[in-house]
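Residue numbers count from 1 along this sequence.
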Amino acid sequence: QVQLVESGGGSVQAGGSLRLSCAASGYTYSSSCMGWFRQAPGKEREGVATIARDGVTSYADSVKGRSTISRDNAKMYLQMSSLKPEDTAMYYCAATYGGGGALDPRSYNYWGQGTQVTVSS
């Protein structure tokens, strides 16, 4: 029922910018909790940025000041700037109707297929 499709990933030089998009269907975006997560090789999936049901945003310390999460109806975006090689990962769009920690991947029930972000130095 719920489908999340990411786009916008790619390769970029360090210091560059990317804008990731997530298109949601079969999901009530306005009342949902959505977020961006990433997983690098050999590491656990971690929260990057989320938007709670009340619109409150949360950011991982590693991306604060460099990332902005936003939403527009059935789409969610992650604008990333000043990208670093450490940002290289598969980025996932996620959503949930439940509660839990905003940046905790275990709080989310629906996931997109991921979009790869590669930052070269």
Side-chain angles (χ1 to χ4, degrees):
Q1 289 183 312
V2 176
Q3 286 188 294
L4 304 173
V5 181
E6 304 95 334
S7 62
S11 298
V12 64
Q13 294 282 347
S17 300
L18 283 174
R19 190 193 192 202
L20 306 182
S21 299
C22 174
S25 62
Y27 193 77
T28 305
Y29 182 87
S30 61
S31 61
S32 69
C33 300
M34 300 184 68
W36 289 96
F37 298 79
R38 67 186 182 187
Q39 187 166 22
K43 299 183 65 177
E44 294 185 348
R45 190 167 299 185
E46 63 177 352
V48 178
T50 64
I51 301 180
R53 288 184 291 271
D54 57 4
V56 174
T57 59
S58 297
Y59 294 92
D61 289 341
S62 60
V63 303
K64 284 181 179 178
R66 303 189 296 116
S67 300
T68 301
I69 189 169
S70 61
R71 58 187 178 184
D72 181 15
N73 293 323
K75 279 203 168 186
M76 181 180 64
Y77 307 93
L78 180 68
Q79 178 68 46
M80 301 186 294
S81 61
S82 300
L83 286 163
K84 306 174 181 180
E86 306 93 271
D87 294 318
T88 296
M90 184 73 75
Y91 283 70
Y92 298 90
C93 173
T96 183
Y97 287 114
L103 292 169
D104 188 349
R106 295 170 295 183
S107 299
Y108 294 78
N109 302 316
Y110 306 102
W111 295 86
Q113 82 290 345
T115 184
Q116 179 68 39
V117 171
T118 301
V119 184
S120 59
S121 59

*Heavy-atom distance under 4.5 Å between the side chains of T88 and R38, does that happen here?*
no
*Taking Q116 for the side chain and A89 for the main chain, is one N or O donor matched with an acceptor at less than 3.5 Å?*
yes
*asked:* Could you measure the distance from the CD1 atom of I69 to the CD atom of Q79? Nearest 0.5 Å is fine.
replied: 12.0 Å
*Enter the distance from R106:CZ to R45:CZ here, rounded to the nearest 0.5 Å.*
13.0 Å
*Closest contact, heavy atoms only, C93 versus E6*: N-OE2, 2.7 Å
*Under a 4.5 Å cut-off applied to non-hydrogen side-chain atoms, are L103 and Y59 in contact?*
no
*Mind checking whether S67 and L78 have side chains closer than 4.5 Å, heavy atoms only?*
yes
_Using side-chain heavy atoms (C-beta onward) and a distance below 4.5 Å, is Y77 in contact with R19?_
yes
*How many angstroms lie between CD in E46 and CG in D104, if you round to the nearest 0.5 Å?*
12.0 Å
*Can you tell me how far CE of M34 sits from OG1 of T50, rounded to the nearest 0.5 angstrom?*
11.0 Å
*Are the ring centres of F37 and Y108 closer than 6.0 Å?*
yes
_Closest non-hydrogen atom pair, P85 against S121_ = CG-CB, 3.9 Å
_Distance-minimising heavy-atom pair for S82 and S17_ = N-OG, 4.4 Å
*asked:* Do the side chains of K84 and D87 get close enough for a salt bridge, i.e. N-O under 4.0 angstrom?
replied: no
*Mind checking the CD1-OG spacing from I51 to S58? Nearest 0.5 Å is all I need.*
10.0 Å
*Compare every heavy atom of G8 with every heavy atom of L18, then report the nearest pair and how far apart it is.*
CD2-O, 3.8 Å
_What's the separation between atom CD in Q13 and atom OG in S120, rounded to the nearest 0.5 Å?_
3.5 Å
*Looking at side-chain heavy atoms only, is the closest gap between M80 and W36 below 4.5 Å?*
no
